Undergrad: 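Below is a structure I'd like to ask you about.
Each chain gets a letter, A, B and so on, in the order the sequences are listed, and its residues count up from 1. Computed from a prediction, not measured in an experiment: that's the story for all the values here.
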Protein chains: 2
Amino acid sequence: MQQGPTADGTARGRTRPPSQADVAALAGVSSQTVSRVANNRSNVEPETRERVLSAMRVLGYQRNSAARALTLGRFHVLGVVTFDVTAQGNARTLAAISRAAQRAGYSLNVVCVEDQTERAVQQAVRQLTDQAVDGLVVIEAQILDRPGFSVTSGVPVVVADGDPERRFPSVDTDQAAGATAATRHLLGLGHRTVWHLGGPQDSYAARRRAAAWHAALKAAGAPVPPLRYGDWTAEDGYRIGRELAARPDVTAVFAANDHLALGLLRALHEAGRRVPEDVSVAGFDDLPEAAYYLPPLTTVRQDFEEVGRQCVARLLAQIEAPGTAGDAPVVVAPELVVRASTAPPPAPRG
Amino acid sequence: MQQGPTADGTARGRTRPPSQADVAALAGVSSQTVSRVANNRSNVEPETRERVLSAMRVLGYQRNSAARALTLGRFHVLGVVTFDVTAQGNARTLAAISRAAQRAGYSLNVVCVEDQTERAVQQAVRQLTDQAVDGLVVIEAQILDRPGFSVTSGVPVVVADGDPERRFPSVDTDQAAGATAATRHLLGLGHRTVWHLGGPQDSYAARRRAAAWHAALKAAGAPVPPLRYGDWTAEDGYRIGRELAARPDVTAVFAANDHLALGLLRALHEAGRRVPEDVSVAGFDDLPEAAYYLPPLTTVRQDFEEVGRQCVARLLAQIEAPGTAGDAPVVVAPELVVRASTAPPPAPRG
DNA sequence: TATCTGTGCTCGAACCTACAG
DNA sequence: ACTGTAGGTTCGAGCACAGAT
């Protein structure tokens, strides 16, 4: 071994990474002993173990994960298929998954899918399973319910927020509970009814929120105003918000997420309608900055951390004990956070 | 649960994934021929090739990436070390990296580092290199300049937005150009000076923005007001914003990012100071929702897409042709987007 | 002669079992 | 109770060479 500092700056190219055999040679032991040390077996004398460890340190030995995976048949990698990581919810779920995976000694192979076409998702899944993963988390993929969709090879799959058909084990935020809480909160303040600014129709989460809003109104005997769909952006919130702002009978709006609510706030402001004096607004998500909107937003807080944790837990359970796929979906409860954007309706004029 | 469809229906748990040999057996050829087909060699008769391909389809054959990596010495995986994916900038950079990597046939092994300690970063890097990556992208890690920091093993590294010491090839947004543009824009509107609501002091990007702001004021002969530091949140923007709002001599503020600006907007609103009539506010990032703040925010748009693309390009260049590490940092230009939050200062009172 | 295709072998790096000092 | 040796395992890549057409 003629050396060359591989370490920091220099990285002298062509020296192949040290193998067990190199460590063994340097420590003056057999590679078998190196293996025993690497795998933390007990039957190695402390003095020998120390010698091997120091040789590892000197050479900068790292075990070859490919060879390891080959023999063990386990990669210690979880695949994650996600859409738009730019969306707070997905990003936070991803972060939580990352944390949980790391704690369990797994790393993440992440694929961000561009568009929600079946082909794109299929390809992403293919890429991951073809790659080297022990399990798969699919975040909010509304494609999963398509009958044609399948996951090749027996890789365990867990779906976060989005498997209406329950074809896979899933972990879901209780969208219905959150939407119901928001709607009831507004009704409870005395509003005659609550309008809904819905998320995209192809989003399962959005549909569930809308359905719960509808049900809550029905249950309270309140009239059900027409439902407006947007995508998840502030832009759409503004666009649709302008129409809502123009209707004097609108006194309370439940937006399907905080960004929509933000656009709505701007539209209302421009139309000269005060929040919450004239119109109450509630959102969904509780983004960190929602408390700093004008006015601070009443919203439903999602526990992304818990969703991520549960996903990894379920996946690892399946990986470690295949077949133990408890099928019941895990449901994570959200929480209504009341701030300044909701209040009783203005005194009726007639 | 002794069975039940795992995935697309079949995939009975304990069947080990089909190997080349299985395909060979089914197709009635040798595994050598299967290998030739798998690697797209020319010397296989079309009819035979088709037979093999169909056998692959029937069995759902996917080549074992571990074995492949072992022989080829290449994993086709890039590692990404990132902080808080919840931050828009990082999320967008990550998404762009993902896109670029996918195009090149690489997948991403992502580690989200919790806290910016040297230990945490070291561990993340260790985890990835110990795992199986051909290269490493480190996003905005202000730890890299610490003298002790090193990347083990000869894995190529590229740093996105944050290698002050230039110890690694890097791709950077031109923070200085952006901050200068924002500051000059405000001065150009007639403001006597511009205050700065800075990002965290340990952020290299934040420091560069502050330095450029400072320099732009100096160059224009404007007085340099005291610099206030926050973290990147709307919360801190609000906290510090309240102090700024209380000072009548503040007529223009350049915030180090859009979230800080959002908090500032709220503080100004609460203090009864109108934006932009009384105070002008500019941000940095151009979040998708920045156009829907009240008022729509003038800000500096970062081209995260380009940053991500360049990172992958540089990394692949190093991987494919080691030693060719063109050291000059790649710089990506940002762009000032003028909206409604900036205007000339109020008429001087004396 | 040239083009397929099969056989049989080695290599990569680690793990594991068994057995012997 | 340690440690070494020896051999077989994982799966695919890729070589040399022999038959077949």
Undergrad: If you measure from CZ on A/R74 to CZ on A/R68, what distance do you get to the nearest 0.5 Å?
TA: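 One gets 11.0 Å once the value is rounded to the nearest 0.5 Å.
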Undergrad: Sub-3.5 Å donor-acceptor pair from the side chain of B/D134 to the main-chain atoms of B/F75, do we have one?
TA: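 It does hold such a pair.
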Undergrad: Which nucleotide sits closest to the side chain of B/L72: C/dC15, D/dA13, C/dA13?
TA: D/dA13
Undergrad: Within the structure shown, what part of the strands sits under 4.0 Å from A/R49 by heavy-atom distance: base, sugar-phosphate, or nothing?
TA: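 No contact.
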Undergrad: Between A/R36 and B/P46, which has a closest nucleotide on DNA chain C that is more 5'?
TA: B/P46
Undergrad: Rounding to an integer number of Å, can you tell me how far B/E50 CD sits from C/dT5 P?
TA: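 Rounded to whole Å, this separation is 13 Å.
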Undergrad: What closest approach, in Å, do B/C311 and B/A160 show between heavy atoms, and which atom pair accounts for it?
TA: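 Where B/C311 meets B/A160 most closely, the heavy atoms are SG-CB, 3.6 Å.
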Undergrad: For B/L70 and D/dG14, what is the distance between atoms CG and P respectively, to the nearest whole Å?
TA: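 Atom-to-atom, B/L70 to D/dG14, this comes out as 13 Å.
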Undergrad: Could you tell me whether the phosphate oxygens of D/dT10, OP1 or OP2, come under 4.0 Å of any side-chain nitrogen or oxygen in B/N64?
TA: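 No, B/N64 has no side-chain N/O under 4.0 Å of OP1/OP2 on D/dT10.
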Undergrad: Please state how far atom NE2 in A/H76 lies from atom C1' in C/dA14, giving the value in whole angstrom units.
TA: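 Rounded to whole Å, this separation is 13 Å.
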Undergrad: In whole Å, I'd like the distance from the CD atom of A/E47 to the C1' atom of D/dA1.
TA: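 That distance rounds to 15 Å.
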Undergrad: To the nearest angstrom, how far is B/M56 atom CE from D/dC11 atom C1'?
TA: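 For the pair B/M56 CE and D/dC11 C1', the rounded distance is 13 Å.
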Undergrad: CZ of B/F75 versus C1' of D/dG12: gap in Å, rounded?
TA: 14 Å
Undergrad: Atom CD of A/E45 and atom P of D/dG4: how far apart are they, to the nearest Å?
TA: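 Distance, rounded to whole Å: 11 Å.
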Undergrad: Using whole Å, report how far CD of A/Q20 lies from P of D/dT5.
TA: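 Result: 14 Å.
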Undergrad: Strictly below 4.0 Å: does A/R68 bring a side-chain N or O up to OP1 or OP2 of C/dC15?
TA: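 For A/R68, the contact criterion (side-chain N or O under 4.0 Å from OP1 or OP2 of C/dC15) is met.
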Undergrad: Can you give me the closest heavy-atom contact between A/L108 and A/S98, atom names plus distance?
TA: CD1-CA, 3.5 Å
Undergrad: Donor-acceptor check, side chain of B/T93 to backbone of B/G89, threshold 3.5 angstrom: yes or no?
TA: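 Side chain of B/T93 to backbone of B/G89: a pair is present.
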Undergrad: Out of curiosity, A/Q20 CD to A/M56 CE, how far, rounded to the nearest 0.5 Å?
TA: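 That separation rounds to 7.0 Å.
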Undergrad: For B/T48 and C/dT5, is the shortest distance between a side-chain N/O and OP1 or OP2 below 4.0 Å?
TA: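 Checking C/dT5 against B/T48, a side-chain N or O does come within under 4.0 Å of OP1 or OP2.
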Undergrad: Students often get this wrong, so: under 4.0 angstrom with heavy atoms, is A/S30 touching a base, only sugar-phosphate, or nothing?
TA: base
Undergrad: Does a nitrogen or oxygen in the side chain of A/T33 sit under 4.0 Å from OP1 or OP2 of D/dT3?
TA: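 So the side chain of A/T33 is outside the cut-off, no N or O lying under 4.0 Å from OP1 or OP2 of D/dT3.
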Undergrad: As a test of reading the structure: which of D/dG4, D/dT3, C/dC15 is closest to the side chain of A/V44, going by heavy atoms?
TA: D/dT3
Undergrad: From the options C/dA14, D/dG14, D/dG12, select the nucleotide whose nearest atom is closest to the side chain of B/R41.
TA: D/dG14
Undergrad: Ignoring backbone atoms, establish whether A/Y61 has a side-chain N or O less than 4.0 Å from OP1 or OP2 of C/dA14.
TA: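 Result: yes.
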Undergrad: Counting heavy atoms from C-beta on, name the nucleotide in D/dG12, C/dC4, D/dT10 closest to the side chain of B/S19.
TA: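 My answer, after comparing the listed nucleotides, is D/dG12.
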Undergrad: Using only heavy-atom distances, decide whether a donor-acceptor pair under 3.5 angstrom links the side-chain of A/Q32 to the base of C/dT17.
TA: yes
